[in-house]
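Below: the structure, in structure tokens.
First the proteins, then the strands, lettered A, B, ... as listed; each starts at 1.
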Protein chains: 2
Amino acid sequence: MNFSPLLDHVLKHITLTEEEQSYFVSLLNVKKIKKKQYLYEEGDINKGPAFVTQGILRAYSLDKNGFEHVIQFAPPGWWIGDMYSFIKQQPGRLYIDALEDSEILWLWKSDVEKLYNQVPKFERFFRILAENAIAAYQGRLISNLSFPAIERYAQFCNQYPALIEHLPQKQIASYIGVTPEFLSKMLNSPSPK
Amino acid sequence: MNFSPLLDHVLKHITLTEEEQSYFVSLLNVKKIKKKQYLYEEGDINKGPAFVTQGILRAYSLDKNGFEHVIQFAPPGWWIGDMYSFIKQQPGRLYIDALEDSEILWLWKSDVEKLYNQVPKFERFFRILAENAIAAYQGRLISNLSFPAIERYAQFCNQYPALIEHLPQKQIASYIGVTPEFLSKMLNSPSPK
DNA sequence: CGACAAACTTAATGTAGATTAAGGGAGGAA
DNA sequence: TTCCTCCCTTAATCTACATTAAGTTTGTCG
């Protein structure tokens, strides 16, 4: 297994000795997830954040009519997880599955705690990670509340150009908060961008 | 000035010696904000998070038609800030003002960095704070994407019962993402809850 | 290769919520 | 008191987007 994408990512924010690095790596679990399989099994609450090394994961919620609403995509190099479930240690409201055959690295919640105690610098790392996520969520909320669908689509294209090619249109529709039919109509209408 | 609400809040998550506590307090700035005044002045990017001790603050974005969209309310005991602007050190997209005469404690960005160096336990404190905020934003997004307006209102009432009484209806309408007219109609229609 | 499912399109109809416009009540300042 | 501003309400009209229902194209896998 090649841990260097994750290590590089960590080392961008904090410095670690060789021993600290190998301790961190020793806590990591590898998991291969086939397309359509889930990251967490039913009621899995002791699993911590997951770092994507291959493929694409997706977090979504379900409404009462059974429709999916995409909360986040995670291509390689991104983290994904149900933060509510993780913090409160309660079953969450998020489903996380793979849109393609994928591979992730993940930590047990208890190992994350150990890591904080053994190498407190990781408190800093995950603080920075969390702050960036907040900024992203704030931006997403602004977008949802303040812009019409066509501009949310344009913003998505700007922010995630690599994803546009990779993702079925209906997933993008779900992310920006419209039906696949409406997105299709938007894209094939007067100003077809 | 009475710092104990903030100190109590901090001490719920980390333990601090007397000296650490007074060092922390020495970095705090107090500011009184009158109703309708702003937390940040034009282009203020070196100011860090603000902790509300009295009153209510509000963060909102503006759309191209000049309409306000509330991203967050902050009653006493809550933190508020423009995380994007804080992290990227760029002008943000959020306006933060007071809905009532208020009082806050705030830190310079540079003092937050000093605090992390002098008392690394604060990395842990702000990590926990940030993680909780993520959980809240995830919940808000789920709510916005997956539920109709009337249920978003019900959820708001459940989550912030104290705010319902305190806030003008139009602010709540803006938070749940509808016009004041429509909220009024909803509340005075068939099942008036 | 054939076939079955999944992805995209098109179009008719339906609806949640926006917009516009008007009027009424409560509080504050002079 | 009177005026003014802010807040809430009601109602008519409008629109962005959903729903339903075909049909078409693309992919995938036995």
Would you mind reading off the distance between [X] atom [atom1] and [N] atom [atom2], rounded to a whole angstrom?
X      : N      : atom1 : atom2 : answer
B:I176 : C:dG17 : CD1   : C1'   : 11 Å
B:L167 : D:dC7  : CG    : P     : 11 Å
A:Q171 : C:dC8  : CD    : P     : 9 Å
A:E100 : C:dA6  : CD    : C1'   : 15 Å
B:L187 : D:dT10 : CG    : C1'   : 14 Å
B:R152 : C:dG17 : CZ    : C1'   : 10 Å
B:K185 : C:dA18 : NZ    : C1'   : 9 Å
A:I172 : C:dA7  : CD1   : P     : 12 Å

DNA chain D: stems of at least 3 consecutive Watson-Crick or G-U pairs whose donor-acceptor distances fall under 3.5 Å: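 Looking at DNA chain D, the stems formed by three or more consecutive pairs are C:1-7 with D:24-30, C:9-23 with D:8-22, C:25-30 with D:1-6.
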Centroid-centroid under 6.0 Å between [X] and [Y] rings:
X      : Y      : value
B:Y60  : B:Y95  : yes
B:Y40  : B:W106 : no
A:F156 : A:Y175 : yes
A:H9   : A:F125 : yes

Whether B:D101 and B:K34 form a salt bridge (side-chain N of Lys/Arg under 4.0 Å from carboxylate O of Asp/Glu) is what I want to check. yes
Check this for me, if you would: do B:R127 and B:E131 make a salt bridge, where the nitrogen-to-carboxylate-oxygen distance has to be below 4.0 angstrom? yes
So, taking the atom named CD1 in A:I80 and the one named CG in A:L39, what distance separates them when rounded to the nearest 0.5 Å?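 The CD1 atom of A:I80 sits 7.5 Å away from the CG atom of A:L39.
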Reading nucleotides 19-30 of chain D from 5' to 3' and marking B where a protein heavy atom lies under 4.0 Å of the base, S where only the sugar-phosphate is that close, and - otherwise, the string is BB----------
Check the orientation of A:Y137 and B:Y137. Use parallel for under 30°, tilted for 30 to 60°, and perpendicular for over 60°. parallel
For the side chain of [X], starting at C-beta, report the closest nucleotide among [options].
X      : options                : value
A:P168 : C:dC8, C:dG17, D:dC7   : C:dC8
A:P148 : C:dT10, D:dC17, C:dA18 : D:dC17
A:K170 : C:dT9, C:dA6, C:dA7    : C:dA7

Single hit among B:D44, B:I33, B:L57 for side-chain contact (heavy atoms from CB on, under 4.5 Å) with B:I96: B:L57
